Amino acid sequence: GFLVPEEMEQRIIDLREQYGVFAGEAYSTTMSSYTKSVPRRASGLTAYFVAEAGTITASDKGWDRVSLVAKKLACLARYSSEVAEDAIISLADDLAGEMAYAFAKKEDECGFIGDGTSTYGGIVGVTNAVAAGSSYEALAGNTGFETLDLVDFEAVVGKLPQYAENGAKWYISKAGYAASMMRLIDAAGGNTSAQLQGGPSAREFLGY
């Protein structure tokens, strides 16, 4: 048997979660320089009732700005020319795909949970960038997907401002959806045997 070469398949077993959600949902803007500032409304004007010939109380509108700083994201992998010539698989194609995956994963991490540290390139993600009062913490004891209640999700919907209503979505893993939202849908009743067999045609909850 030592004279018989070991057989190897050209394809690679590649099991991994999908990433690349954030970039596809985010607003993209063109930057012609390293930095860019976007004006933002911070506060508005106030209307007052006044008597005939009375003095009108003045109010001021406030602005601030969002600063955008270009970040360089890189990935490097080295391999010898001998390996490239002898390998049964295309290492260049495989590594290119692996790099794209690494970029997508890092973009999602920065976009969703970035805390401004060097791990995330100084980027502050949505979780840490929302305005005060815009987030909701689940009720005491509801510490996992399997313990979340309907009131928790309804409270999150209540936090959504009207201007953000169009196109609003839930961002949740498949496992999280099954353990929380799907569990609550099933518990509510009214499901037919066909619906339970076929499962949801689209993953929706509370209209989103």
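The structure displayed is predicted, hence computed values, not measured ones.
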Review point. Which residues pass the side chain to side chain contact (heavy atoms under 4.5 Å, CB included) test with T117, sequence neighbours left out?
Key: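 Expected list: D115, T119, Y120.
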Honestly curious: do [X] and [Y] fall in one hydrophobic cluster under the side-chain, below-4.5 Å linking rule?
X    : Y    : result
I113 : Y136 : no
V130 : V157 : no
V156 : I185 : yes
L68  : V126 : no

Using every non-hydrogen atom in the two residues, find where [X] and [Y] come nearest and quote the distance to one decimal.
X    : Y    : result
T35  : V69  : CG2-CG2, 4.2 Å
E107 : A23  : OE1-CB, 3.5 Å
I123 : C110 : CG2-O, 3.9 Å
R183 : L148 : NH2-O, 2.8 Å
L184 : L150 : CD1-N, 3.8 Å
T46  : S59  : N-OG, 3.1 Å

Practice item. Please go through Y27's hydrophobic cluster and name the other residues, only I, L, V, M, F, W, Y counting, with side-chain heavy atoms under 4.5 Å joining them. Key: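 Members alongside Y27: none; it stands by itself.
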Point to revise | Members sharing Y48's hydrophobic cluster (side chains within less than 4.5 Å) | key: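 Its cluster mates, by chain and number: none.
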Practice item. State, with a plain yes or no, whether a side-chain heavy atom of R78 is found less than 4.5 Å away from one of L76. Key: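 A side-chain contact under 4.5 Å exists here.
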Check your understanding: Are K169 and Y208 close enough that some pair of their side-chain heavy atoms sits under 4.5 Å apart?
Key ->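 Of all side-chain heavy-atom pairs linking Y208 with K169, none is under 4.5 Å.
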**Study point:** All pairs passing ring pair (Phe, Tyr, Trp, His ring centres under 6.0 Å) where residues 59-115 contributes a residue, at least two apart
**Key:**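 For residues 59-115, and leaving out neighbouring residues, the ring pair (Phe, Tyr, Trp, His ring centres under 6.0 Å) pairs sorted by first residue read Y19-Y101, F22-F112, F112-Y171.
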**Study point:** Electrostatic pair E154:K159 at N-O distance under 4.0 angstrom
**Key:**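 No, E154 and K159 are not salt-bridged.
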Point to revise | Donor-acceptor under 3.5 Å (D108 side chain, V21 main chain) | key: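 It does hold such a pair.
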Review point. Does the K36 side chain pair with the main chain of T30, one donor and one acceptor, at a distance under 3.5 Å?
Key: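 Side chain of K36 to backbone of T30: a pair is present.
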Review point. Does anything in residues 128-149 pair up under salt bridge (charged side-chain N to carboxylate O under 4.0 Å, His left out), and if so which pairs, sequence neighbours excluded?
Key: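 Counting only pairs at least two positions apart or across chains, no salt bridge (charged side-chain N to carboxylate O under 4.0 Å, His left out) contact touches residues 128-149.
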Review point. Sequence neighbours excluded, which residues qualify as salt bridge (charged side-chain N to carboxylate O under 4.0 Å, His left out) partners of E17?
Key: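 If we apply the salt bridge (charged side-chain N to carboxylate O under 4.0 Å, His left out) test to E17, skipping adjacent residues, there are no hits.
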Point to revise | side-chain contact (heavy atoms from CB on, under 4.5 Å) assessment of E98 paired with R16 | key: CA-CA 11 Å; E98 193 67 31; R16 55 188 176 185; 3.0 Å; yes
Review point. Is the distance between the ring centroids of F153 and W170 less than 6.0 Å?
Key: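 Yes, ring centres under 6.0 Å apart.
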